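If you're wondering where the values come from, they're calculated on a predicted model, not measured in any experiment.
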Amino acid sequence: MDTAASPSDAGAKSLKVLVTGAQLAPEATELLTKNGIETIYADGYSGSDNLANIAKTNAVDAILVRQGQINDQVISASKQLRVIAKHGSGVDNIDLDAATSHNIPVLRALAANAQSVAELAITLSVTLMKDIGTLSDTVKRGAWPKTKYVGRDLAGAKFGIIGFGEIGRRTAKLAQGLGMETIAYDPFADDADGTRVSRDLSEVLAQSDIVSLHCPLSPQTHHLINAGRFKAMKPTAFIVNTSRGAVIDEAALLEALKNGGIAGAALDSFEQEPPSPDHPFWALPNLIATPHVGGASRSALRNMALQSAQHIVDVLTGTPFDRRALANQNLDQN
């Protein structure tokens, strides 16, 4: 467990933030240190029991969440806790009800990684459409399928976006830049920037050559893409998930990939992370996997770290925080 330098004012009580994951961008650590906040690092995947123990032992004033399940046990471990900041925008690994019950604001880093995630979604889409994984494996095995291979065109393909928020909109613009036609499903958004928004998910699934997922994980979106949804898709279509793993029913996806229900999939997130080394997905030639790195570009990591650190500084120094970032909107009612 590493700690940053102590505050320069030795006479003041040291404020402490528990960071559940890897080292923050240097600019964020500097911001915290300058405001007298000590950073305590823990492996986010080490389990809630361990995180709760560290929070309690160090009497932390804040938690900066990268990985790990931040449940009521963790939230209630330190009586000093005043704020939880997410290093990103998804808060499905934080118990918002528990935070609200303890009057703890949960603050997100808004749009900090949007461009990075959008770029990965397009990269994975192009990789699938152009059969890059299959062709690379074939050539490395010593074959040369040049005379037999017939590829797909990106231009003119229909790109379906599920969830038309900031990331979905940026992904749409990138897809349009490649000549693809964009259509989105979102219960709340409107048409924008050349993308038609439908309130009918089945319509978007049925029309799309690529389906790219960009919705948050909630009770309403858990297993949103299930066996019935896969049946609505074209057998030649692909699905890309750079949102949250549980938006897809993985058992249904496995079946669709094995029986030709859809042509292929690319996943940057999984229901369980990290997934098991013997996961049945790994035997599928039509699946590409990346380790939840959509928001891991240099600029995104810097932006997320700085935003989350600033949220912590604001709350611990009594400065009004940006309420657009508040994830537990019912906090004021507590």
Side-chain angles (χ1 to χ4, degrees), residues 45 48 67-71 86 88-98 108 117 120-121 124-125 128 159-165 167-168 171 183-189 197-235 237-276 278-284 286-295 327:
Y45 294 122
S48 297
Q67 294 89 35
Q69 291 298 318
I70 309 303
N71 57 18
K86 180 62 190 288
S89 58
V91 292
D92 50 282
N93 60 333
I94 301 172
D95 188 333
L96 295 182
D97 290 337
R108 301 167 294 180
V117 176
L120 180 62
L124 293 174
S125 298
L128 287 170
F159 191 90
I161 301 154
I162 311 303
F164 202 49
I167 297 174
T171 306
I183 180 174
Y185 165 75
D186 194 300
F188 309 107
V197 177
S198 172
R199 300 289 188 262
D200 186 345
L201 176 57
S202 295
E203 176 196 8
V204 175
L205 295 176
Q207 292 186 15
S208 300
D209 298 298
I210 306 168
V211 173
S212 188
L213 304 181
H214 299 286
C215 51
L217 179 61
S218 68
Q220 292 73 35
T221 63
H222 183 268
H223 287 185
L224 178 69
I225 308 300
N226 52 33
R229 303 299 189 191
F230 284 119
K231 289 178 181 177
M233 293 174 63
K234 301 176 184 178
F238 300 94
I239 193 163
V240 174
N241 189 11
T242 55
S243 59
R244 288 294 185 266
V247 173
I248 295 180
D249 181 340
E250 290 188 353
L253 174 59
L254 179 68
E255 187 63 26
L257 291 171
K258 289 171 65 175
N259 67 19
I262 62 172
L267 306 178
D268 186 50
S269 57
F270 299 83
E271 292 202 62
Q272 174 187 320
E273 293 186 353
S276 169
D278 61 352
H279 198 296
F281 278 161
W282 309 151
L284 299 175
N286 53 350
L287 181 133
I288 297 170
T290 51
H292 207 150
V293 293

Problem - salt bridge (Lys or Arg N to Asp or Glu O under 4.0 Å) partners for R108, two or more places apart - result: none

Fill in the blank from the handout: Correct closest heavy-atom pair for I248 and H223 would be O-CD2, 3.5 Å

Practice task
Measure the CZ-CD1 distance between F159 and I183 for me, rounded to the nearest 0.5 Å.
Solution key: 12.5 Å

Problem - Beyond-backbone contact of F230 with D249, side-chain heavy atoms, under 4.5 angstrom - result: no

Handout entry: E271 side chain to E250 backbone, donor-acceptor under 3.5 Å
Key = yes

Practice task
State the CD1-CE distance between I225 and M233, to the nearest 0.5 angstrom.
Solution key: 7.5 Å

Practice task
Taking T242 for its side chain and D268 for its backbone only, find out whether a donor-acceptor pair lies under 3.5 Å.
Solution key: no

Practice task
Could you check if a side-chain atom of L253 sits within less than 4.5 angstrom of a side-chain atom of L267, using non-hydrogen atoms only?
Solution key: yes

Practice task
Give, for atom CD1 of I161 and atom OG of S198, the distance between the pair rounded to the nearest 0.5 Å.
Solution key: 12.5 Å

Problem - Under 3.5 Å donor-acceptor, R199 side chain and D186 backbone - result: yes

Practice task
Check whether any side-chain N or O of S208 sits under 3.5 Å from a backbone N or O of L205 as a donor-acceptor pair, and report yes or no.
Solution key: no

Problem - I239 side chain near L213 side chain, heavy-atom distance below 4.5 Å - result: yes

Handout entry: L284 and L254, any side-chain heavy atoms less than 4.5 Å apart
Key = yes

Exercise for the section: Find out whether D92 and P216 are in side-chain contact, i.e. whether some heavy atom of one side chain is under 4.5 Å from a heavy atom of the other. Expected result: no

Handout entry: Test item: N286 side-chain N/O and L257 main-chain N/O as donor-acceptor pair under 3.5 Å
Key = yes

Practice task
Calculate, to the nearest 0.5 Å, the distance between atoms OH and CD belonging to Y185 and E203 respectively.
Solution key: 11.5 Å

Handout entry: Nearest atoms (heavy-atom pairs only) where G295 meets V117
Key = N-CG2, 3.9 Å

Fill in the blank from the handout: Of all heavy-atom pairs linking L224 and C215, the shortest is CD2-SG, 4.2 Å

Handout entry: Validation row: L124, F238 side chains within 4.5 angstrom (heavy atoms)
Key = no

Handout entry: Side-chain touch I162/V247, heavy atoms, less than 4.5 angstrom
Key = no

Exercise for the section: State the NZ-CD1 distance between K234 and I262, to the nearest 0.5 angstrom. Expected result: 13.5 Å

Practice task
Give the minimum heavy-atom separation between L120 and G294, together with the two atoms involved.
Solution key: CD2-CA, 3.5 Å

Exercise for the section: Kindly indicate whether the side chain of H214, heavy atoms from C-beta on, has any atom under 4.5 Å from the side chain of S243. Expected result: no

Exercise for the section: Please list, chain by chain and in numerical order, all residues satisfying ring-ring contact (aromatic ring centres under 6.0 Å, His included) with H279, sequence neighbours excluded. Expected result: F281, W282

Practice task
Can you see which heavy atom on N226 is nearest to which on A252, and at what distance?
Solution key: C-CB, 3.9 Å

Problem - Rounded distance [0.5 Å steps], CG in N93 versus CD in Q67 - result: 8.5 Å

Practice task
Report, as yes or no, whether the 6.0 Å neighbourhood of atom NZ on K231 holds more than 12 heavy atoms from other residues, nucleotides or ligands.
Solution key: no

